[in-house]
Number of protein chains: 2
Amino acid sequence: MAARRVTLRDIARLAEVHPGTASRALSDDEKLKKLVNPETAARVQRIAKEMNYNPDPAARSLKTRRSHSVGVLIPDITNPLFPPIIRGIEDCLGGNGFVVLLGNTDDDSKRERMLLDGMLSRRVDAMILATAKRDHDVVVDIVAQDLPVVLVNRVLDNHAIPSVATDDMAGIRMAVNHLISLGHTKIAHLAGPQEFSTGANRIKSFYLTMNAAGIEVEPNMVSYAESFSQAEGAKRCRELMAAFPDVTAIVAANDMLAIGCYQAFEESGIRCPEDISIVGFNDAPFSDKISPPLTSITFPHYQVGFEAANLAVERIHNPNSATKVLFLPPELVVRKSTTAVSVKLK
Amino acid sequence: MAARRVTLRDIARLAEVHPGTASRALSDDEKLKKLVNPETAARVQRIAKEMNYNPDPAARSLKTRRSHSVGVLIPDITNPLFPPIIRGIEDCLGGNGFVVLLGNTDDDSKRERMLLDGMLSRRVDAMILATAKRDHDVVVDIVAQDLPVVLVNRVLDNHAIPSVATDDMAGIRMAVNHLISLGHTKIAHLAGPQEFSTGANRIKSFYLTMNAAGIEVEPNMVSYAESFSQAEGAKRCRELMAAFPDVTAIVAANDMLAIGCYQAFEESGIRCPEDISIVGFNDAPFSDKISPPLTSITFPHYQVGFEAANLAVERIHNPNSATKVLFLPPELVVRKSTTAVSVKLK
DNA sequence: CTGTTAGCGCCTTCAT
DNA sequence: ATGAAGGCGCTAACAG
């Protein structure tokens, strides 16, 4: 079995033309294709289809220096934020004839480096990173190689690289204003790691929005999580609640952190939303199913992935295209974890 | 920038040997490597490292007919069951120098075919399928091409292909016996699609276990969902509750279906677990966070993926290795969605 | 132990 | 409009 693969020469022989001609007839490049007699071309194409000929990507790639693959680096596919983004990326890339090489970095630079090297040596045509730090060495390395890069979800401070994300500042603004409109003023922020744009922009927006509303943020009422994880959420929340028993609401930098807070609440018998309101960010799948259903900031994950892939394709075809930085709008989803302040007896 | 890539001839020239020798010195194949003078080999390797030489995968692949990539087909990465499995697959494969090509089929054969063709033409060294039907045409096509295949999560009726999954029958047995031990006898089964081993084995085990306990299953107290989705779960649950108001417990073929039931319960004011107990299957992430936390059958998703990849690697290196079918043990996780029967006033 | 040679399958410039 | 020829970077069979 395993019949020998049909090759360009096979179909050339059958069509009674030279392989070179067959190649042109089958070329995607319109300019080349026009150089061949329409009838011959048609015949070649028909035969190719009949034999269901597929050009060998290795051979083609050896010649053209294109692998028709793009590398995608994410922190961890197990984080529910990423599956829809990846799905968007794959759908777009697949539709354009590319294949994706996926890698999980766990936000560990050594791992990231290794994975990147592997992809580079496999000659990916572009990289899509969901792992970017605010000023990311790896990114500059890649651009130095003249390889197209696009960032998803996290962006650079200087917006120097094509990126697609949601507007973190706008999202947090909605979250804070929602709480304020509910009568809250003692609002804490559980911030994410500041090395990522997501962490940094969200905290910045928190301060800005609070100030704009004329509410002063007490020092230390902003707590820094070291990672976007449930465990960190729980830990920081405990500290926060101990230090500020009169806080009536928390803006968490993402849903994982918020879910960690749930755990801390439960431990100390704090009821949500009766005693405290909380809003998350990302609207991860299942944020609506947990108890209480989490008020969160949602954004179109799938589209973010899709558009990022689109930018990558654009860059591959035209490396000098403009450096687009695209923000898709977030939305507030009010569920059961937020409610109007009640007088809280100390 | 983008200095021309360093090639085998470059390092051969620097090492003052013939490219052929350099190739051997750098070969992974120990048998070949031994044919070269240790000193020469060392020199070549040193220079290769200094120049940080990376063999061109396209060229190598053109020659060797190996791509060092394996294709992975799953129904939908957005289904929370899959991320940990994929992570396991990637970790194992990555550790063995392979790269993963991922595709989402949505359980649609046309899509599957297309994706498969793409991967085949890219000369993947093996395929891992999480999409298998109980007798799967696509699978036989792949084996016909002499390409290693391994199945994850879903297996074939005849176990003719290397596979890794959990023991569905054992899992359901635990679920049913748990319910019985809680005093339930009016137990319904919300079955999954019968085209998949998961659906078929779970229903089979349901009947077997009920019978073994001397409980007769009333006709129609088993309902068939057309897909493993929340929507189907809700729909079938409504029908079930309407037809059998005296049911006190449901065994759902997976968590998605169970969550759908939650929705149906809520609609008709049925309390869980007070009025009805339910157990799911898969213990998807967040099944512990929903309300009430779902009693479910868990199994080591990551390991299942990892082992499947392992089998694939084994097969790549030795196509004639035994056709292993590996079942990892499931476990019952009791949470809040199941409780002892209470007398139910009609 | 090492050099030689001959492609793998495709694209593309140069002739014709 | 098509044929011819060379080579992308690497490996492997064959000499020496």
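Reminder, nothing fancy here: chain letters follow the sequence lines and each chain counts from 1.
- Between B:Thr21 and C:dG3, a side-chain N or O to OP1/OP2 separation shorter than 4.0 Å is present.
- Residue contacts for B:Ser61: at a heavy-atom cut-off of 4.0 Å it reaches no nucleic acid atom on any strand shown.
- Of the residues near DNA chain D, B:Gly20 and A:His18, the one whose nearest nucleotide (by heavy atom distance) lies more toward the 5' end is A:His18.
- Under the side chain to side chain contact (heavy atoms under 4.5 Å, CB included) test applied with B:Met127, the options B:Leu101, B:Val143, B:Val139, B:Leu147 reduce to a single match, B:Leu147.
- Side-chain atoms of A:Asn153 and A:Leu81, non-hydrogen and from C-beta on, do get closer than 4.5 Å to each other.
- Atom CG in A:Leu62 sits about 13 Å away from atom C1' in D:dT11, given to the nearest Å.
- Under 4.0 angstrom from either OP1 or OP2 of C:dG9 there lies no side-chain N or O belonging to A:Arg60.
- Contact annotation: B:Thr40 does not reach the phosphate of C:dC1 (side-chain N/O to OP1 or OP2, under 4.0 Å).
- Look at CZ on B:Arg9: it is 6 Å from P on D:dC8, rounded to the nearest Å.
- Counting only N and O atoms by type, the side chains of A:Arg315 and A:Thr323 include a donor and acceptor under 3.5 Å apart.
- In this structure, CD of A:Glu16 is placed 14 Å from C1' of D:dT2, rounded to the nearest angstrom.
- At a threshold of 4.0 angstrom between heavy atoms, the contacts of A:Leu8 are confined to the sugar-phosphate backbone, with no base atom among them.
- The closest side-chain heavy-atom distance from A:Asp141 to A:Arg113 is below 4.5 Å.
- The nearest heavy atom of DNA chain C to B:Lys63 and to A:Ser23 marks one nucleotide each, and the one closer to the 5' end goes with B:Lys63.
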